[in-house]
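These notes are about the structure you will find just below.
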Amino acid sequence: MNDEFAKKAEAPSDHESPMAWSGRFASGPVDGLMSFSRSVAVDGRLWSVDIEGSRAHVGALEKAGVVSPDEASSLRDALTQVAEEFTTSQFDFLDADEDIHMAIERRLTEIVGDLGRKIHAGRSRNDQVALDLRLYLLREARELAVAVLGLGETLVDRAAETGSSLLPGYTHLQRAQPVLVAHHLLAHVWPLIRDVGRLRDATSRAEISPLGAGALAGTSIPIDPEFAAAELGMSGQFDNSMDAVADRDFVAEYLFAMALIQVHLSRLAEEIVIWATDEFNFVSLSDEWSTGSSMMPQKKNPDVAELVRGRTGRVVGNLVNLLVVLKGLPLAYNRDLQEDKEPVFDSISVVKESAIALTGLMATLEFNFAPMEQAAAAGYSAATDLAEELVMAGVPFREAHRLVGELVFKLEQEQRGLEAVTRDELSELHPALSSIDENRLRPSSVAAARVTPGGTAPAAVENQMSKAQGAIADMYRWAQGPPASDAQ
Ligand code: ARG
């Protein structure tokens, strides 16, 4: 491309440019410039929202008397035809189509003749593209929410199957205290519910129509921004036309929401990778959702989880990409903003596919309860409970902590577990322990003792599970409900 630029710069062409903006140019662009600037390969997917936005704009032009009702209806028919051409893959892009907006306007004009040349009155591609991207993301956010909720629902269903089975809860990846398997799974559900909440919140701010902002300063044609917003089912209009065309907060917000979703998926994926090792053996992956090794015949690998984890770099990178594009941009529109689309489109597909793949993985894996329960019983995981028994008998916690710590130290030297401690040893540790229930230090009792709301006792988990189901149902109502203006 550099060579082409160089050649052209030496011998500028004087052919008539096919570009819509060629009026003030003595020559067309150098060879290669168009392919450098062209964005249809990326923004082509905005065709349907672009047509939707144009319909609203035609309505506003009709109301302003710029086009007659007959002309408006011819333009609407032509827009329908263009939409059909896209749906049936009949739409042909030409080399001169700089972006999706110009391609559609060019085709519209081919269909209705000169009337097509009226549609851009009072509008710039600057407000047009900002509108298109908003409409597109509003729609995609809901679809993405459904995929994320599908994973949340699957985790709740799997949690419900596990009853009061236990596994060790970890801190520092060291066994800490036994928890219900259901409690652990539900701990991955709440972040997903908050993630969908973030998509919904971002949606409430994205529902603003920039139509009427023109290139940056508004338009002298009396089109009513509120009318266009209402036509599009968007909740509001802009307050400042320069902000309307320069603002990409909504893209950044969705990119952040998606980056955090992917981080949450990645944390779950990481646990599955660990749980599926022979060392842990907490889960067995289904054949349908695992892959083999080209060399080692015995291998069954958690590639799905690893790909989810690995693609997180891309999704976080996409957020950083946009923030760097925005940093230092003077008001109002700058062509840099064309670079907002690739990262956001990429994040949408990675996050959606990751959520769907993890749903398949989680729905089909098998829990290996025996190794989980065994691990839950090991590692002195009842030590805190022993200390808390002392606290309830009036011993200051620090003192209780020291006493139990010393007991663990001794048991470790003797290679004995806490379950092997005799009642005599306990009474020796502190007289208050002479009457301790003999089952008190069993993992199931340890878990059952955590009855506070949000704790891991079976009844508390049961309660938590129905709260999670309610929250997921609420979020589904938003994601699958009417598209606009109901975000809060
Ligand atoms: N394709 C551009 C974008 O995505 C919109 C075109 C605006 N071009 C211009 N010269 N003002 O941002």
Side-chain angles (χ1 to χ4, degrees), residues 1-9 11-58 61 67 71-72 74-133 135-136 211 214-215 245 333-342 344-346:
M1 176 128 86
N2 281 343
D3 283 356
E4 280 177 46
F5 270 123
K7 237 190 289 156
K8 189 68 188 188
S13 141
D14 59 1
H15 72 268
E16 200 181 309
S17 166
M19 307 312 301
W21 36 254
S22 63
R24 63 93 60 225
F25 288 79
S27 80
V30 294
D31 291 339
L33 173 55
M34 281 313 294
S35 73
F36 182 67
S37 120
R38 224 167 160 253
S39 56
V40 286
V42 173
D43 63 25
R45 72 168 81 185
L46 296 176
W47 69 263
S48 86
V49 283
D50 195 73
I51 289 174
E52 198 181 327
S54 287
R55 274 184 195 288
H57 186 59
V58 167
L61 290 177
V67 296
E71 287 176 323
S74 305
L75 286 169
R76 287 192 190 99
D77 289 348
L79 286 168
T80 306
Q81 183 180 329
V82 178
E84 264 162 29
E85 290 176 6
F86 274 103
T87 325
T88 56
S89 308
Q90 310 275 301
F91 190 95
D92 287 324
F93 284 105
L94 304 183
D95 285 347
D97 295 335
E98 197 175 12
D99 53 28
I100 186 64
H101 326 293
M102 301 307 279
I104 289 176
E105 188 183 327
R106 186 260 310 153
R107 182 67 191 125
L108 191 70
T109 307
E110 284 169 5
I111 296 168
V112 291
D114 266 355
L115 173 58
R117 295 151 65 88
K118 287 193 171 182
I119 198 171
H120 212 52
R123 182 175 76 172
S124 155
R125 279 181 293 164
N126 302 352
D127 52 352
Q128 190 176 1
V129 72
L131 171 69
D132 289 5
L133 196 51
L135 289 173
Y136 185 82
L211 278 187
V245 293
Y333 179 86
N334 300 274
R335 192 65 183 278
D336 313 45
L337 290 174
Q338 180 166 296
E339 298 306 305
D340 59 358
K341 291 170 208 64
E342 228 168 322
V344 80
F345 293 165
D346 184 57

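Computed from a prediction, not measured in an experiment: that's the story for all the values here.
- When atom types are taken as modelled, the side chain of D99 and the backbone of H101 share a donor-acceptor pair closer than 3.5 angstrom.
- Looking at L61 and K118, their side chains never come closer than 4.5 Å, going by heavy atoms from C-beta outward.
- The closest side-chain heavy-atom distance from H57 to Q128 is not below 4.5 Å.
- Residues V42 and Q338 form no side-chain contact, since every pair of their non-hydrogen atoms from C-beta on lies 4.5 Å or further apart.
- At least one donor-acceptor pair under 3.5 Å links the side chain of D127 to the backbone N or O of G214.
- Counting heavy atoms from C-beta outward, S54 and R123 have side chains that approach closer than 4.5 Å.
- In this structure, CG in L337 is found 7.5 Å from NZ in K341, a value given to the nearest 0.5 Å.
- Every pair passing salt bridge (charged side-chain N to carboxylate O under 4.0 Å, His left out) that includes a residue from residues 83-95 is listed here, sequence neighbours excluded: E85-R107.
- Listed here is the closest heavy atom pair of V67 and A72: CG2-CB, 4.0 Å.
- Here F93 pairs with R38, V40, F86, F91, D97, I100, A103 under the side chain to side chain contact (heavy atoms under 4.5 Å, CB included) rule; sequence neighbours left out.
- Counted within 6.0 Å of CD on E71, heavy atoms from surrounding residues, nucleotides or ligands total more than 12; the atom is thus considered enclosed.
- Closest approach of V112 and G116 over heavy atoms only: CG2-N, 3.4 Å.
- Residues M34 and P29 approach most closely at CG-CG, 3.9 Å, considering heavy atoms.
- How far OH of Y136 is from CG of L131: 14.5 Å, rounded to the nearest 0.5 Å.
- Closest approach of A215 and V245 over heavy atoms only: O-CG2, 3.5 Å.
- Screening L108, I104, T80 against I51 for a side-chain contact (heavy atoms from CB on, under 4.5 Å) leaves a single residue, I104.
- In this structure, R106 contributes its side chain and A96 its backbone to no donor-acceptor pair below 3.5 Å.
- Screening residues 39-55 for salt bridge (charged side-chain N to carboxylate O under 4.0 Å, His left out) gives E52-R139 as the qualifying pairs, with residues at least two apart or on separate chains.
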